[in-house]
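Worksheet for the structure shown next.
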Amino acid sequence: MRLLALFAVTLVASPGLAGPLPRVVGIPGKPAQDQCTACHQALDEPRLQQPALQAAQDIHHRQGITCAGCHGGDPTAEDPDVAMDPKKGFVGKIPPQKVPEVCGSCHSDAAFMLRYAPNIPTDQWAQYKTSRHGLALVKGDGRVATCASCHGAHGVLPAGDARSPVYPSRIVETCARCHGDVALMKQYGIAGTEIEEYKQSVHYQALTVKNDLSAPTCNDCHGSHGATPPGVSSVSNVCGTCHLTQREAFDLSPHKDAFAAMEQPACEACHSNHKVLQPQDQWIGVGEGQVCGNCHVAGDLGAQVAQALFQALAGTVERMERVHQRVEQLERRGMLMDEATVKLEEAHQALVLARNEVHTVNPQRVTAKTDEAQAVLAKAEKDAEAAEKELRFRHNGLKVSLVVILLAVVALGLKIREMEARS
Amino acid sequence: MDTGNKISRKGFINWLLGTSLGATVVAALYPVFRYVLPPEVAEAPTNRVLAGKLSELPPNSGKIFRFGAKPGILVRTQGGEVRAFSGICTHLNCTVQYRADFQHIWCACHNGHYDLQGKNIQGPPPRPLETYKVDIVGDDIYVTRGA
Amino acid sequence: MKLIEKLWQALDERYELQPLVDFAKQKAVPRHRHDWMYYFGGLTLFFFLIQVATGILLLLYYRPTAEAAFESVQFIMTRVPFGWLIRSIHSWSANLMIASAFIHMFTVYFAGAYVKPRELTWWTGVALLLLALGFGFSGYLLPWNELAFFATRVGTDMVSKVPFIGHWLLRVLRGGEDVTGATLTRFFGIHVAVLPMISTFLILLHLAFIQRQGMHEPQEEPKLPPRPFFPNFVLREFMVWLVGLALLAALAAFFPWELGKKADPFAPAPAGIKPEWYFLFMFETLKLLPAKVLGIEGEILGLAAFSVGGLFWFLAPLWDRKRVRGEKSLFALVVGWGVVLYIAAFTALSYLGVFQ
C-alpha cells in the first residue's frame, strides 16, 4: 500500500511525465476525486454510506488522498468489481492491529508529510509503539486504542480543529470513552475513576471554565501517542514543567530526599494526581482531612512545622481580610484609598509567595514572606487610620461651624427681640 | 436696667450677630472657593495617566505605573519602542515586572512569562495582559486604557 | 454714606424705585398662634436655592455617562477640596427640601388655605412638590452606585404597569428597555435642565400669587396686630434659614453621605433595595398588595388608587365647599389626618423593618 502511495506521489511530483493519471493521491490542497465516494454515498446501508459522507470533511480527502490511499483498490473504476479487486490491492476494512501501520505508512514518512503539513511531527508511530496501548496491541489485544480510536477513522479533522476529538477541551471525553468504563478498565487493573476525579480538579476548571487551552488535560501529563503513566520518579518533573516555582521550593525541602528514598511520587502525596483541588491553607496540619497527617503524627517535628506554617499563613490572611474590609468601608464612605489598595495588593503578592515557600516546609522561609506581608499591611493600616482621622477632622470641623451657625441663630433671635421690644 | 447697660447689651448683640454671621458666611464661602479651584489632579485618573518620562525609560527596561490603584507596566523594547500593558498577572493578580535578562515581562509569583506583546508564553498565566494605548508627547508618556 | 445715597437717587430717578420701598414698608404678615407655619414655604425655597448653588458646583466635575459617572462623583468626594461637603450638602438639602415641602403642604391643608381664592397657589404648590419628588428620583441615579441603580430599576418598572401606554412610558423614561447609560443621560438632562426650568417658573408664579393675595389667615384664630414684613418677618425667616443651614451642617457632620459601590448592571440586586424615604409609603403599599385583586393585578390597582387619591388631594379646593363658606370641614380634617397618619405610619414601619 505504501508503495502504491509512493508510486502515485512520484507521478504527481513529476507532472511532465506521461502515464496513468494520479489515481490514489491527488494534488495536495485539492479535494480528491474518486469513484468510491460517488457510489458509496448512494448506498442504503449506513455502515457503507457514512464513510463516504464523512469524506467531505476528512482532512486527507480534502488534501487529495482518496479512499484507496488506505483501503487500496482502484478509485477511478466505475465497476465495483474492478474498483474493489483484491488484485488491485483492495483490503476492505482495516483490522485494529493494522491501523497504526496504515496511518504510519504516510505519517512516519517525513519526506512525504513535508508536502502536506511540514510542521507536524512524524514520530507518532514510534511513540505509539512505546505506549501502553501500542504494547498491548502488539500482544494481540484488539480492544486498545489505536490511531482511529482517538482521531476517528473517516472524517478525520486536524488536531487544532475545535471539532476534533483530540482538541484540548475534548480530549477528556475522548479518553473517557474507554477510561471512564469501570468494568472495562478493571480488566487492565485500572480503577476507571480517573476521569471523574480529573473533572473535579483545578486543571479541568481552568480548561473548561476559563477556556485556558494550555491547562493540562490527560495527554499533557501522560503523553499523547506514547500514552503511559508517568513513573514515580518523574511525577515532580511533570508537574514542575508548569509549576516551576513550587518545584524549586520543594527541591529545597527535606521531603525531596525522603520521598525519593520511599519511592513515593512527591507532589501527588498532598495534591493527589487526577483530583488536584484548589489548595487550602487549612490542609497544612496533622488533623482530620489535613495532608501532613498522611505521614506525620501529632507531636512530631513535622506536626510542629505544619503548625508554624499554618499559623504564619492564617495570621496574615486574617489580618489582610480585616484591613481589606476596613479599606473597602472607607472607600464606600468616599475616601481615596488607592495607596492602601496598592499595599493590600503587595501583601497579597507576598502571601502568594509565602504559599510557594510552604513547599520548602521551612518555617523561616515562609515567615520571611508573611512578615513582608504583615509589614505592608501595617502600612495600609496607617493609611486607613489617616483616612479615619480625616473623617473625624471633617466631622469636628462641621461641628465647629454648626456651633457658629447656632450662635448666629441665637444672636439673630436676641436682635429681633431687642428690636421688637423697642417698637 | 440703666441706659449704659442697655447700650452695652445692644452693642454686644450687634457684635455677636456681626461676628457669627460673618463667620457663617466665611464657613459657607471658603469651601466653595476651594472647591472651584481645580484640584491637583485635574481629572479622575481612571482612563488616562501620565505613566512616565521617556528619558527615564532606557531601551530594554520597564516601569510600573498606576491607574488609580491598579498597576500597569510600561515597557521599552530593545528597539526603543514603548508599549504599555495591564500590570496584573492573569493568573493570581500579582504585579508583573520587566526582566531585562529575559527581555520580556515576568511574574515572580509563579514564574509566568509574557512576551513583549503581552502574550502569555510560559507558566500558569491563562490569558495575555491587556494592551493599553501609548501616546508620547515630548518626554511624557501617556497611557490610555479602553482605547 | 453720601455715595450710597447718590447712587440710590440716581437709580430711583431712572426706575422709580421709591413706590417699591413704600410697598415693602407697608407690607405686613398676619400674626396668630400658628403663624410659625408661614416660615416653611420660605424654608423650602432656601433649600431649593442651596440645591441650585451646590448643583451648579457639582456640575463643574460631574460626568453623566455610565462609564464615568461613579468615578466623577468619587473624584469630587476624594480629590476636589471640600467636594465631599458640597456633595453631602446637596444630598441632604434635597431630603430636607422635600421634608420641608411636605410640612408646608400639610400646614396649608389643615389651615384650609387652599380654598377660593387661592386655588392656583395650591395647585402650583402641589405641582412643585411633585417636581421635587421628580428631582429626588432623577438625582438619586446620577452617582451611578449599586443602590441607586437598582432603586431606579424598581422605580421605573412601576411605570410599565400603566395600562396601554405603560411599556411606551417605560421606554421613554429609561431610554431603552433597561436602566443603562442611556437612562443616566436622560435623567441627568431631566434633573439639571427640564425640572429646574419648570420649577423656577412655577416658584415665581407661586410667589406672585402669594404676593398678590397676601397670606391666608385661619378664621378660627384670634386676631393680633399684623407683623411688619420688613424687617420683622424677614429677619425671622432669615433665622429659620440659619436653622436650616445648621441642620444641614449637623446632618453632614453626623451622617456624611456615602459614595457606595459602583453599579454593576449584571450583578444580582443586593438584598433590601429601598427607594428614598419619601417614596417608601407607596413602595411598601404596592408590595403589600396581593398579586391579584378581583382579577386585576394588585400593583395596577395600587397605582390607580394612588393616582385617584393624588388627584382627589390636588382637587381639594373644588370639593371642599364648607371651608369656602368659612365653616369648619370635618370631612377635610378626617381626610387630612388620614393621609398624614398613613404616610407617617408606613414610612415609620418600613424603617422598623415590619414589612420584611
Side-chain angles (χ1 to χ4, degrees), chain A residues 209-211 321 323-345 380 382-423, chain C residues 28 31 39 46 70-92 143 145-147 224-225 227-228 230-263 270:
Chain A
V209 179
K210 290 190 194 160
N211 290 319
E321 189 51 38
V323 179
H324 180 74
Q325 277 179 7
R326 192 166 158 195
V327 166
E328 212 169 46
Q329 200 205 354
L330 281 163
E331 227 161 28
R332 243 202 312 275
R333 289 172 72 179
M335 299 306 292
L336 187 66
M337 299 309 292
D338 284 3
E339 285 307 309
T341 309
V342 167
K343 282 165 193 151
L344 273 169
E345 279 304 322
K382 280 248 164 62
D383 288 341
E385 250 161 55
E388 279 156 6
K389 202 175 148 201
E390 165 68 14
L391 279 175
R392 273 198 301 279
F393 175 74
R394 290 177 183 180
H395 176 81
N396 290 333
L398 276 168
K399 275 206 274 196
V400 169
S401 43
L402 180 62
V403 169
V404 168
I405 297 168
L406 286 177
L407 216 60
V409 171
V410 171
L412 194 58
L414 289 173
K415 179 80 189 164
I416 291 168
R417 228 178 53 192
E418 183 243 350
M419 191 184 71
E420 285 181 352
R422 255 186 300 154
S423 56
Chain C
R31 251 171 93 188
Y39 299 106
F46 169 68
F70 180 83
E71 280 78 6
S72 68
V73 175
Q74 188 174 40
F75 181 74
I76 290 172
M77 289 188 70
T78 55
R79 289 187 189 261
V80 182
F82 292 99
W84 54 274
L85 181 67
I86 303 291
R87 199 227 159 189
S88 209
I89 295 281
H90 193 74
S91 307
W92 276 118
N145 58 30
E146 203 176 43
L147 232 61
L224 290 168
R227 174 173 288 136
F230 194 84
N232 302 49
F233 185 81
V234 168
L235 280 182
R236 276 156 198 272
E237 183 73 63
F238 183 52
M239 199 166 100
V240 172
W241 287 21
L242 276 178
V243 171
L245 191 65
L247 207 57
L248 275 179
L251 286 168
F254 293 102
F255 308 99
W257 205 272
E258 290 197 348
L259 175 65
K261 259 173 82 173
K262 185 172 176 166

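Residue numbering restarts at 1 for every chain, and letters A, B, ... go by the order of the sequence lines.
Note: R236(C) CZ to I416(A) CD1 = 5.5 Å, rounded to the nearest 0.5 Å. We find the CG-OG distance between L248(C) and S401(A) to be 11.0 Å, quoted to the nearest 0.5 Å. Remark: D338(A) CG to R79(C) CZ distance equals 6.0 Å, nearest 0.5 Å.
Ranking V404(A), L391(A), L402(A) against chain C, the residue ahead of the rest is L402(A), based on heavy-atom pairs under 4.5 Å. Taking chain A as the reference chain and counting heavy-atom pairs below 4.5 Å, the highest number among M239(C), K261(C), M77(C) is found for M239(C).
Residues R333(A) and L259(C) fail the side-chain proximity criterion, which asks for heavy atoms closer than 4.5 Å. With a 4.5 Å cut-off on side-chain heavy atoms, I405(A) and V243(C) do not count as touching. Between P256(C) and R394(A) the shortest side-chain heavy-atom distance does not fall below 4.5 Å. The closest side-chain heavy-atom distance from M335(A) to W84(C) is not below 4.5 Å.
For chain A, no part of I76(C) is nearby; none of its heavy atoms comes within less than 4.5 Å. Both the backbone and the side chain of L412(A) come within less than 4.5 Å of a heavy atom of chain C. For chain A, the nearby parts of F238(C) are the backbone and the side chain; heavy atoms of each come within less than 4.5 Å.
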**Study point:** Derivation of the side-chain contact (heavy atoms from CB on, under 4.5 Å) call for M419(A) and L235(C)
**Key:** CA-CA 11 Å; M419(A) 191 184 71; L235(C) 280 182; 4.0 Å; yes
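Scanning all heavy atoms of the two residues, the minimum distance from A246(C) to L406(A) falls at CB-CD2, 3.9 Å. Considering all non-hydrogen atoms of both residues, A253(C) and K399(A) come closest at CB-N, 4.5 Å.
A salt bridge does not link E331(A) to K262(C): none of the charged side-chain nitrogens sits closer than 4.0 Å to a carboxylate oxygen.
Counting non-hydrogen atoms of neighbouring residues, nucleotides and ligands closer than 6.0 angstrom, the CZ atom of F255(C) reaches no more than 12 such neighbours.
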